[in-house]
There are 2 protein chains.
Amino acid sequence: MTMDDIDRSIISLLQADARMSTKALAEHIGLSAPSAAERLRRLEERGVIRAFTIDVDPRALGYSLQAIVRIKPLPGKLHAVQKLLEAIPEISECDKVTGDDCFIARLHLRSIEHLDFILERIVDKAETSTAIIKSQPVTRRLPGG
Amino acid sequence: MTMDDIDRSIISLLQADARMSTKALAEHIGLSAPSAAERLRRLEERGVIRAFTIDVDPRALGYSLQAIVRIKPLPGKLHAVQKLLEAIPEISECDKVTGDDCFIARLHLRSIEHLDFILERIVDKAETSTAIIKSQPVTRRLPGG
DNA sequence: GGTGAAAAAAAATTTTC
DNA sequence: GAAAATTTTTTTTCACC
């Protein structure tokens, strides 16, 4: 279960370019191709690498607006709210948190009207507090730099 | 600038497996390999695909705790706060938003003490409100499903 | 765990339609 | 866009350290 510096390098390199070949990866870390392949296999097996994926510009898919919504379920509605949130595809991330608000969700939306439409589905089960994203000073980066 | 159904399929397939070969991609969408390669090249060129990356389990890197922090800069401190937030590697995401709070950040932390340590760097420039993540009902999914 | 080389398998590119 | 073939890589295997 140990993560050494080589494993950390692999993570860092693939974070920057997930399509890098095993051979290129091996060259960067100064290991042979079979060793790099074996390390990579183990990182996947152990669940350190959860997925190889792409970062898509939501605007290209027509989602020009993002919002962060804090959601406080009405008494007795916690489970109903959680199920509802999971079923809303416009929610790309949702965390259950400590504190007065119970959920914090990130929404991708086509317009302000679209935002209103989605919030209408929630208002009868929870109090919401919406913040519209104006810019993104930091986007998805690796924990710890 | 048009995104047709084939482009959307490519996005969806690569979202699920960014290491899929061009050939496999072509077979899934019912196109020849060169056509698929050309489509992929254009999606990258147009910035629709911003990056090929991996999803890493932060716990494997020793970050067992996540928090969402709302940050309201003190009068006159807005720019200083933004610069500070960008310089904190524990912040993996930070959005500038409308409303009373100005920034919302996601922090990856090794412990509660670590959280306290990071917040100490912010408290003299901004009011903060911290919510610790207990679970993640929805994790990173494509806008619109 | 790791190496190196060779065999085997794929994949990307180019050309032609 | 497609098809086919060439050319280049890449991956895997295996013997050995």
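Chain letters run A, B, ... following the sequence lines, proteins first, then strands; residues in each count from 1.
- Going from atom CG of A:D5 over to atom C1' of C:dG2 covers 17 Å, rounded to whole Å.
- Nearer to the 5' terminus of DNA chain C, by closest-nucleotide assignment, is the contact made by A:S32 (compared with the other of A:S32 and A:R19).
- Comparing B:G30 and A:M20 by the nucleotide of DNA chain D that holds the closest heavy atom to each, the one mapping nearer the 5' end is B:G30.
- Counted within 6.0 Å of CZ on A:R59, heavy atoms from surrounding residues, nucleotides or ligands total 12 or fewer; the atom is thus considered open.
- Summarising the geometry, atom CZ belonging to A:F103 is positioned 11.0 Å from atom CG belonging to A:D101; distances are rounded to the nearest 0.5 Å.
- A:L25 places its CG atom 16 Å from the C1' atom of C:dG2, with the value rounded to the nearest Å.
- For D:dT10, one of the phosphate oxygens OP1 or OP2 lies less than 4.0 angstrom from a side-chain nitrogen or oxygen of A:S21.
- Counting to the nearest Å, the C1' atom of C:dG2 and the CZ atom of A:R39 are 9 Å from each other.
- Rounding to whole angstrom units, CE of residue A:M3 and P of C:dG1 are separated by 14 Å.
- Atom P of nucleotide C:dT13 and atom NZ of B:K23 are separated by 16 Å, given to the nearest angstrom.
- At the phosphate of C:dA12, neither OP1 nor OP2 sits under 4.0 Å from any side-chain N or O atom of B:R41.
- Classification of A:K83 and A:E86 as a salt-bridged pair fails, no side-chain N sitting under 4.0 Å from a carboxylate O.
- Remark: C1' of C:dG2 and CD1 of A:I6 are 10 Å apart, rounded to the nearest angstrom.
- Remark: B:R110 is positioned above the aromatic ring of B:Y63, its terminal NZ or CZ atom under 6.0 angstrom from the ring centre and at most 45 degrees off the axis.
- You'll find that the side chain of B:P34 is closest to D:dA3, out of D:dA3, C:dG1, D:dT12.
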Margin query: Walk me through whether B:V56 and A:L142 qualify under side-chain contact (heavy atoms from CB on, under 4.5 Å).
Written below: CA-CA 8 Å; B:V56 180; A:L142 208 59; 4.1 Å; yes
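- If you measure from atom CD of A:E38 to atom P of D:dC14, you get 15 Å, rounded to the nearest angstrom.
- With distances taken from any side-chain atom of B:L31 to the nucleotides D:dA3, C:dT3, D:dG1, the minimum falls on D:dG1.
- Distance B:E27 CD to C:dA12 P: 12 Å, rounded to the nearest Å.
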